[in-house]
Number of protein chains: 2
Amino acid sequence: MRTGELAATSGLTAKTIRFYEQAGLLPEPPRTQGGYRDYPPEAAHRLAFIREAQSAGLTLAEIRSVLVVRDSGETPCVHVAYLIEQHLADIERRMAELRTTRTVLRTLAQRAAATDPSTCSEAEICRIINPPPQVTDGLSRPG
Amino acid sequence: MRTGELAATSGLTAKTIRFYEQAGLLPEPPRTQGGYRDYPPEAAHRLAFIREAQSAGLTLAEIRSVLVVRDSGETPCVHVAYLIEQHLADIERRMAELRTTRTVLRTLAQRAAATDPSTCSEAEICRIINPPPQVTDGLSRPG
DNA sequence: GTAGACCTTCCAGTACGCTGGAAGGTCAAG
DNA sequence: CTTGACCTTCCAGCGTACTGGAAGGTCTAC
């Protein structure tokens, strides 16, 4: 099976397949007389595995590490379980970050809705994002 | 105020400040006789604005677009409000993606917990990530 | 005059997963 | 023989926000 055919069956591009080989995810296949890559059927399986792993959020480097273990003849279960836990933790972290940013943005959205552009001074850049220290009324602090 | 001093007051590095200038976020300051940058006090304000905007998740390109509007003498409110809405939508999108990936990973985690490595065949890469089509019992489908 | 802190410019690299393009070889059909 | 589809290699670039380092200039203190 040549590169283009494997690309068609796997839903990737020929470029990507060559890139995976160069990145150590796909072993070098034998070549035809003309120098064309000639993949065995298992290559499609391997690519399917890579896509599955990617959809689980694993990086190519991590996927490669799993494949290296597997290619050495060992079962990568323990390693895979570790990667899964790592990624779950990572996702929680990133979701927390996004929630924080969302809170910031919602504050800004409210401020935007309440802002009258004509009251902005030239010295400010944008009071929606970076409001002046105290613009309320001067009575809010006793003294 | 020289670059290092501005860096110290703003909490950035001198490198970053020069990078911002090159990226069009900070106007070119006047130079001393020796060729050193000599920032006016407003520069610190501008950097504070940039940091605020960054913490709201705006990219440097977006922040620059706001600054360009502001530097042209107009108020960037409408533009800023638009960016805020865009980013809120973007965050929702990304959180949805993360939730999807998390679901995938949780499935994998369960599978990992239920997997006995010794039952894996050599033909599989990792049945946690990419399980064989039907490994249950052969009775699950009638016929 | 010399050490050392600070500044300058310019170029390159980081991570990530590809993608584009140039220049050329292979193979089957007409 | 030529066309055209397909393949090969190699090099470069994308986007993001910096960061590192080299090679050299400036300024102050001793």
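Below, chains carry the letters A, B, ... as their sequence lines are ordered, and counting in each starts from 1. Quantities reported herein were computed from a predicted structural model and do not represent experimental measurements.
In this structure, A:H87 contributes its side chain and A:G57 its backbone to a donor-acceptor pair below 3.5 Å. Under the 3.5 Å distance criterion, the side-chain polar atoms of A:R51 are left unmatched by any main-chain donor or acceptor of A:R46. A:S10 places a side-chain N or O within donor-acceptor distance of the main-chain N or O of A:L6, the cut-off being under 3.5 Å. A:R93 places no side-chain N or O within 3.5 Å of a backbone atom of A:L88 that could act as its donor or acceptor partner.
Within the nucleic acid shown, A:T32 has no heavy atom closer than 4.0 Å to any nucleic acid atom. Backbone-only contact: A:R37 has heavy atoms under 4.0 Å from sugar-phosphate atoms and none from a base.
Taking the nucleotide of DNA chain D with the nearest heavy atom to each of B:Q33 and B:A61, the more 5' of the two is matched to B:A61. DNA chain D is contacted by both A:E21 and A:Y36; A:Y36 maps to the nucleotide lying nearer its 5′ end (nearest heavy atom per residue). Mapping A:G35 and A:T16 onto DNA chain C by nearest heavy atom places A:T16 at the nucleotide closer to the 5' end.
Contacts between chain A and DNA chain C, taken as any atom within less than 4.0 angstrom of a protein heavy atom, begin and end at C:dG17 to C:dC27.
Atom CD in B:E62 sits about 14 Å away from atom P in D:dG15, given to the nearest Å. The interatomic distance linking A:D38 (CG) with D:dC6 (P) rounds to 17 Å, in whole Å. Whole-Å rounding puts the A:F19 CZ to D:dA12 C1' distance at 14 Å. Rounded to whole Å, the distance from CG on B:D90 to C1' on D:dG15 is 14 Å. Here the C1' atom of nucleotide D:dG15 and the CZ atom of B:R64 are 12 Å apart, to the nearest Å. The CG atom of B:L60 sits 6 Å away from the C1' atom of D:dA17 (whole-angstrom rounding). If you measure from atom CZ of B:R31 to atom C1' of D:dT26, you get 13 Å, rounded to the nearest angstrom.
Residues B:L67 and B:L12 share a hydrophobic cluster, clusters being chains of Ile/Leu/Val/Met/Phe/Trp/Tyr side chains in contact below 4.5 Å.
No salt bridge links B:E124 with A:R70; every basic N to acidic carboxylate O contact stays at or beyond 4.0 Å.
The A:R2 side chain lies nearest to D:dC6 when the options are D:dC6, D:dC27, D:dA17.
Between D:dC6 and A:T3, no contact under 4.0 Å exists linking OP1 or OP2 to a side-chain N or O.
Side-chain contact of B:H79 with B:E74: a donor-acceptor pair under 3.5 Å is absent, judged by distance alone. Side-chain atoms of A:T16 and A:T13 include a donor-acceptor pair closer than 3.5 Å.
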Donor-acceptor pairs under 3.5 angstrom involving side-chain atoms of residues 28-36 of chain A: please list them, not counting sequence neighbours.
residue: A:R31; atom: NH1; partner: A:G35; partner atom: O; Å: 2.9
residue: A:T32; atom: OG1; partner: A:G34; partner atom: N; Å: 3.4
residue: A:T32; atom: OG1; partner: A:Y36; partner atom: N; Å: 3.1

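One axis for each end of the helix from C:dG1-D:dC30 to C:dG30-D:dC1, each built from five base pairs, and the angle between them comes to 40° at 10° resolution.
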